[in-house]
Chemist: 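After the structure tokens below, expect a handful of questions from me.
Just so we're clear, the structure is a prediction, and the values are computed from it rather than from any experiment. If you read the sequence from its start, that first residue is 1, and numbering goes on from there. Worth knowing before you read on, the calculation uses all heavy atoms, side chains too, and leaves out hydrogens, waters and symmetry mates.
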Amino acid sequence: MLKFSRGIDQDRAATAGGLQQIAFARGAAAAAQPSRLPTLVATAATVAVLYFARDVFLPLAIAILLTFALAPLVSRLRRVGCPRSVAVIGTVTTAFLFLSAFGVVIAMQVSEVAQNLPTYQYNIVEKVRTLKETGSESQILERIGRVIERISTEISRPEPEMRASPEPAPEAKPLLVEIFSPQRPVETLKNIINPLLGPLATTGLVIVVVIFMLFEREELRDRFIRLVGYGDLHRTTEALQDAGARVGRYLLMQLVVNITYGIPLAIGLSLLGIPNAVLWGMLAIVLRFVPYIGPVIAAALPLFLAFAAAPGWSLLVWTAALFIVLELLSNNVVEPWLYGSRTGLSPLAIIVAAIFWAWLWGPVGLVLSTPLTVCLVVLGRHVRQFEFLEILLGNEPVLDPKERLYQRLLAGDPDEATDNAEDMLEEKYLVEFYDTVAIPALLLAERDRARGALTNAQAAQIAQSANTLIANLEEIAGEEEGEEETGAEAQESDGDDDADEYDLPPGDGKSVLCVGGRSDLDDVTASMLAQTLWIQGADAAHAGHEVLKAGNIKALKLEGRNAVVLSVLDRDFMRHAKFTVRRLKRMAPAARVGIVLWQEDGRPGTTERDQLIESLQADFMVFGMGDAVREALSDELPRSLKLAHPKIAPGYAMRRSKRADRESTVKAD
């Protein structure tokens, strides 16, 4: 009892020590993981500063973006031998003269439209009356009009009053007299100039900042690197180049796309007879910088003018058709050709960014939303603390295909997994999909199962979803089977001796059995291998891991099989594989028995693999789909099974003969 109690105390002490070590390890891991709180606090503080100091940062942001846009032109002029001062001053002056002329033309056109609006009143009234008459058949508009008229009559009806005495005479109301005194010329000039001081001052500030940044571009770059990324020059330089290239390319290409849209629009509207066609073309060039909302606004104004300018409906129809044709050409021909839409942002991120910057800086922020968000994505790509920006706003996939497939299988959604697989199979063969995506996804599941993060129920769910995926891909497998003969003939005609990784041999006349090693996930890999062998023309079948148990293995039908392949995801299976291989070789001595130990990386070398094959007495051992198919369809003969001869202990034969004599005596009695 004393020894037993001491043993219990020792076990408790060891358990307590182990728990302390686990708790210490968890605390160390939590301490090692960086907290996101400082990053979130810094982000919130930055947004607050940008909002309350927008009068300062808005001109600065405009100047920086114009610097990104004009820097390539200045660099090109410098390369052809133009002095820096001439290149900078000339580029900035030309750009702002163009913008000023652009604004003057728009202002003149807007004033002309405002003067002509009263002339469109009659057409608008007539069309509304036509719509009302059209809707009178169902009497919807008429009923609505009657209800509104009745309500207005009830509201305007005076309330009855009880008058006990004659109505007194109304009191005389005082007459309001306005004293008008002519303003002095100085006051008139002041009233005109005051509203223009703010925009003019902002424009002048932007011009000065742009000139300064273009003159001191290299100096500012070096100072920024010294201030922000002196400890990592490579990453900081890469971030600056990435941001400059993305923003500059976006602004330039978007300007070209907008011009190729606005000029044909102005010409088309002019031919249709829309008044002020130049204005609508120029507004389309500017408004298309605003994502998604800008093109709608640019189309709404000319459509309304087409509705008001002509008495009929044909002008409105032709104007709408013009916008539809230009949008289709711009979105499907011009933008893909000029790569104007490749900003690295997802469509949802562009919409959210437009809402955010419009709230922060108003209409100007709406125009600048896309290039500013591009800068944020570049920041998230190169600065680890802001990596969440790239994940939230970028258009790059955040999950690998294998991780995405594993997530869908884990969620029990084989339908979406099938859709994703079909998208990938438009560019890949099924064997490549299994080898590079499906098997690695099952390896992720096996690793989670081995470390206890995946329960048996979840593993069974993954296996069931994966089997459904394999069944859904059966049709594609049949199509590839029909293509095999044509592909083989084309390869023979080409006479290319360099075999591709997935250039597999034909399996006509071969019979292969694929067996799962020790789990349901292994059974799925065996099904994938069997389907691939079937595509190659072999008579392939698969069996679950349950058939390898001692009571079931004798029921396996191995007659006529050319190969038996054990499909395994877990390395620990190698401890028991030796006995399984020997049983299978005894049952089917004419078949090649091999093992596929699925590994995406960390595969053993040739020497280690040969040692494993020798110790297991297997005919082959491979680690990928291509090699598994080649070995299963190989014409090589199986190796003979080497039986072990254990040493017999002294006296073993005498004891065995005595035991046999006793057994015979018992039987005789």
Chemist: Below 4.5 Å, heavy atoms only, C-beta onward: do Leu425 and Leu473 meet side chain to side chain?
Modeler: yes
Chemist: Classify the side-chain pair Gln461/Ser465 by whether it contains a donor and acceptor separated by less than 3.5 Å.
Modeler: yes
Chemist: Tell me the salt bridge (charged side-chain N to carboxylate O under 4.0 Å, His left out) pairs involving residues 58-81, sequence neighbours left out?
Modeler: none
Chemist: Is there a side-chain contact (heavy atoms from CB on, under 4.5 Å) between Trp280 and Leu287 once you walk through the steps?
Modeler: CA-CA 10 Å; Trp280 312 125; Leu287 290 174; over 6 Å; no
Chemist: Can you run down the side-chain hydrogen bond (donor to acceptor under 3.5 Å, both in side chains) pairs that involve residues 318-329, sequence neighbours left out, and say none if there aren't any?
Modeler: Tyr261-Glu327, Arg288-Glu327, Glu327-Asn331
Chemist: Could you measure the distance from the CD1 atom of Ile285 to the CG atom of Leu265? Nearest 0.5 Å is fine.
Modeler: 9.0 Å
Chemist: Evaluate the side-chain proximity of Leu315 to Ile274: yes if any heavy-atom separation is below 4.5 Å, no if none is.
Modeler: yes
Chemist: Could you walk me through whether Phe96 and Leu66 pass side-chain contact (heavy atoms from CB on, under 4.5 Å), step by step?
Modeler: CA-CA 10 Å; Phe96 279 94; Leu66 288 177; 3.9 Å; yes
Chemist: Would you say that Val209 contacts Pro59 through its side chain, given a criterion of any heavy-atom pair below 4.5 Å between the two side chains?
Modeler: no
Chemist: Taking the side chain as every heavy atom from C-beta outward, state whether Leu454 and Ile462 have any atom pair closer than 4.5 Å.
Modeler: yes
Chemist: Please report the C-alpha distance between Leu444 and Arg447 in whole Å, then the side-chain angles of each, then the deciding distance to 0.1 Å, and finally whether the side-chain contact (heavy atoms from CB on, under 4.5 Å) criterion is met.
Modeler: CA-CA 5 Å; Leu444 293 176; Arg447 291 167 190 167; 3.8 Å; yes
Chemist: Is any side-chain heavy atom of Glu416 closer than 4.5 Å to one of Arg404?
Modeler: yes
Chemist: Starting at CH2 of Trp361, measure out to CG of Leu368 and round the result to the nearest 0.5 Å.
Modeler: 7.5 Å
Chemist: Do Lys402 and Leu405 make a side-chain contact, defined as non-hydrogen atoms from C-beta onward lying under 4.5 Å apart?
Modeler: no
Chemist: Hey, is the main chain of Val256 close enough, under 3.5 Å, to the side chain of Thr260 for a donor-acceptor pair?
Modeler: yes
Chemist: The test is side-chain contact (heavy atoms from CB on, under 4.5 Å); show your working for Lys428 and Val437 and say whether it passes.
Modeler: CA-CA 11 Å; Lys428 297 181 178 181; Val437 179; 4.1 Å; yes
Chemist: Using side-chain heavy atoms (C-beta onward) and a distance below 4.5 Å, is Asp435 in contact with Tyr429?
Modeler: no
Chemist: Show the nearest heavy-atom pair for residues Ala284 and Ala298, with the distance to one decimal.
Modeler: CA-CB, 3.8 Å
Chemist: If you count every heavy atom of other residues, nucleotides or ligands that lies below 6.0 Å from Arg54 atom CZ, does the total exceed 12?
Modeler: yes
Chemist: Got a sec, which pairs hit side-chain hydrogen bond (donor to acceptor under 3.5 Å, both in side chains) with one end in residues 61-75, sequence neighbours left out?
Modeler: Ser75-Arg217
Chemist: Return the CD1 to CG distance between Ile324 and Leu328, rounded to the nearest 0.5 Å.
Modeler: 7.5 Å
Chemist: Does a side-chain heavy-atom distance below 4.5 Å link Asp448 with Gln458?
Modeler: no
